[in-house]
Amino acid sequence: MNKVEYVGGAIDAGGCVSNAWTLVSGKFGLYVGVGFVTLLLIGCIPFVGTLLFGPVMGGFYYIVLRDMRGEPVDFGMMFKGFEKFVPLMVAGLIQAAPSVVATVLQYTTDLSRIAGGRTPDVNFYQSTGDIFAGISVVILVFVIVLSLIGIVWSISLQFAVPLILEHDLSVVDALTTSFKAALSNVGGLILLIILQILVAILGIVALCLGFFVAIPVVYAASAIAYSQVFPFFNRSNMNTAPPPPDAYGDFSRGQ
């Protein structure tokens with residue numbers, strides 16, 4: 001296994017969001033445009049978006065990390081992840097696997113409700129309707145549980161895409177390293193997610209324009225968190241110095 005060093009307890013959640021806003025506001029048109037296309041590709045095309053998740057997010061990470069180093073960036077770089085399409089696609093699929101299963105089960109629930117709703121109001125068929133209703137409830141509960149598991153799963157593996165992009169790790173090595181690094185930064189990640197949710201809510205409150213500004217800020221904050229955990233490059237124009245080791249819950253150390 002190729003080893004990449006990571007820093008435990010390294011995520012400054014407030015700094016991630018602050019630096020993300022600095023980047024986005026500095027190249028406003030670029031980031032809003034890239035954020036819009038990113039959201040369009042991975043969020044508006046069912047299942048196909050899941051296949052594109054890894055390569056598209058790889059391109060977004062590529063732009064942010066270059067921008068942090070003060071290197072030139074342009075819109076076309078958002079497709080840089082397609083140069084490593086297969087490993088990034090596989091990593092993205094694995095990261096999104098629980099969500100995909102939950103979506104399939106949700107469709108199953110909806111279909112069962114439709115079937116149950118179309119059951120004639122005749123006693124002979126009443127038991128069939130009850131069976132459909134019972135199955136729907138069980139599936140719905142399972143979807144909720146699976147969605148919660150999926151959130152934890154996705155957070156644990158979120159560093160895999162940039163690790164493949166920057167360090168050319170294999171999919172297995174990237175997923176394993178991401179899991180260990182996330183475990184050692186669990187407190188900072190939780191706080192970062194809370195702040196990202198607040199940013200997204202503020203974007204929604206500010207209507208459409210605010211939402212399309214919030215999306216690149218949220219994505220860029222994740223990329224900056226990665227740079228704090230894996231300080232591979234000298235990103236001179238950003239404050240990526242980690243907080244004290246025990247500030248956000250350092251449960252393990254990278255080797």
Side-chain angles (χ1 to χ4, degrees), residues 1-21 53-54 57-58 60-61 64-65 68 88 90-102 143-167 169-201 214-215 217-233 235 238-255:
M1 172 180 175
N2 296 324
K3 290 187 177 181
V4 177
E5 292 186 358
Y6 58 86
V7 182
I11 295 179
D12 175 6
C16 289
V17 174
S18 175
N19 286 338
W21 171 247
F53 175 79
M57 288 307 301
F60 198 98
Y61 273 93
V64 173
L65 296 175
M68 291 174 66
L88 289 177
V90 172
L93 281 173
I94 294 174
Q95 183 178 348
S99 298
V100 173
V101 174
V143 166
I144 294 173
V145 173
L146 190 61
S147 297
L148 294 175
I149 294 174
I151 293 173
V152 176
W153 178 272
S154 180
I155 293 171
S156 300
L157 303 181
Q158 69 170 314
F159 298 134
V161 166
L163 282 170
I164 293 172
L165 186 71
E166 283 204 305
H167 296 276
L169 295 183
S170 69
V171 173
V172 174
D173 288 353
L175 293 171
T176 303
T177 303
S178 177
F179 179 81
K180 293 179 179 179
L183 183 63
S184 73
N185 287 275
V186 63
L189 282 172
I190 291 173
L191 182 55
L192 176 60
I193 291 168
I194 293 174
L195 292 179
Q196 288 174 314
I197 291 173
L198 291 176
V199 169
I201 291 174
I215 289 301
V217 171
V218 169
Y219 289 158
S222 294
I224 293 170
Y226 161 80
S227 75
Q228 292 178 345
V229 177
F230 298 92
F232 179 63
F233 290 111
R235 305 173 173 101
M238 276 290 164
N239 177 21
T240 58
D246 298 326
Y248 299 113
D250 179 8
F251 292 147
S252 63
R253 282 283 182 180
Q255 301 298 322

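When every heavy atom of Val199 is checked against every heavy atom of Ala214, the shortest pair comes out as O-CB, 3.6 Å. When all heavy atoms are compared, the tightest approach of Ala20 to Ala221 is CB-N, 3.6 Å. For Gly92 against Phe53, the heavy-atom pair with the smallest separation is CA-CD2, 3.9 Å. In plain terms, the two heavy atoms of Gln95 and Gln158 that are nearest each other are NE2-CA, 3.6 Å. For the residue pair Ile164 and Ala91, the shortest heavy atom distance occurs at CD1-CB, 3.7 Å. The shortest heavy-atom contact between Val229 and Ala181 is CG1-CB, 3.8 Å.
Between His167 and Phe230, the ring planes lie tilted relative to each other; the angle falls in the 30° to 60° range. Classified by interplanar angle (parallel below 30°, tilted 30° to 60°, perpendicular above 60°), the ring pair Phe159/Tyr226 is tilted.
In this structure, the side chains of Cys16 and Gln196 stay at 4.5 Å or more apart for every pair of heavy atoms.
Tested against Val171, the residues Ile94, Leu93, Leu163, Leu88 include a single side-chain contact (heavy atoms from CB on, under 4.5 Å) partner, Ile94.
Separation of atoms CD1 (Ile197) and CG (Leu192) is listed at 10.0 Å; rounding is to 0.5 Å. In this structure, CG in Leu198 is found 12.0 Å from CD1 in Ile193, a value given to the nearest 0.5 Å. To the nearest 0.5 Å, atoms CG (Asn185) and CG (Leu191) are separated by 12.0 Å. For the atom pair OG of Ser178 and CG of Asp173, the computed distance is 12.0 Å after rounding to the nearest 0.5 Å.
At least one donor-acceptor pair closer than 3.5 Å links the side chain of Ser227 to the backbone N or O of Ile224. A donor-acceptor pair is defined here as one N or O able to donate and one able to accept, closer than 3.5 Å; no such pair exists between the side chain of Thr177 and the backbone of Ala174.
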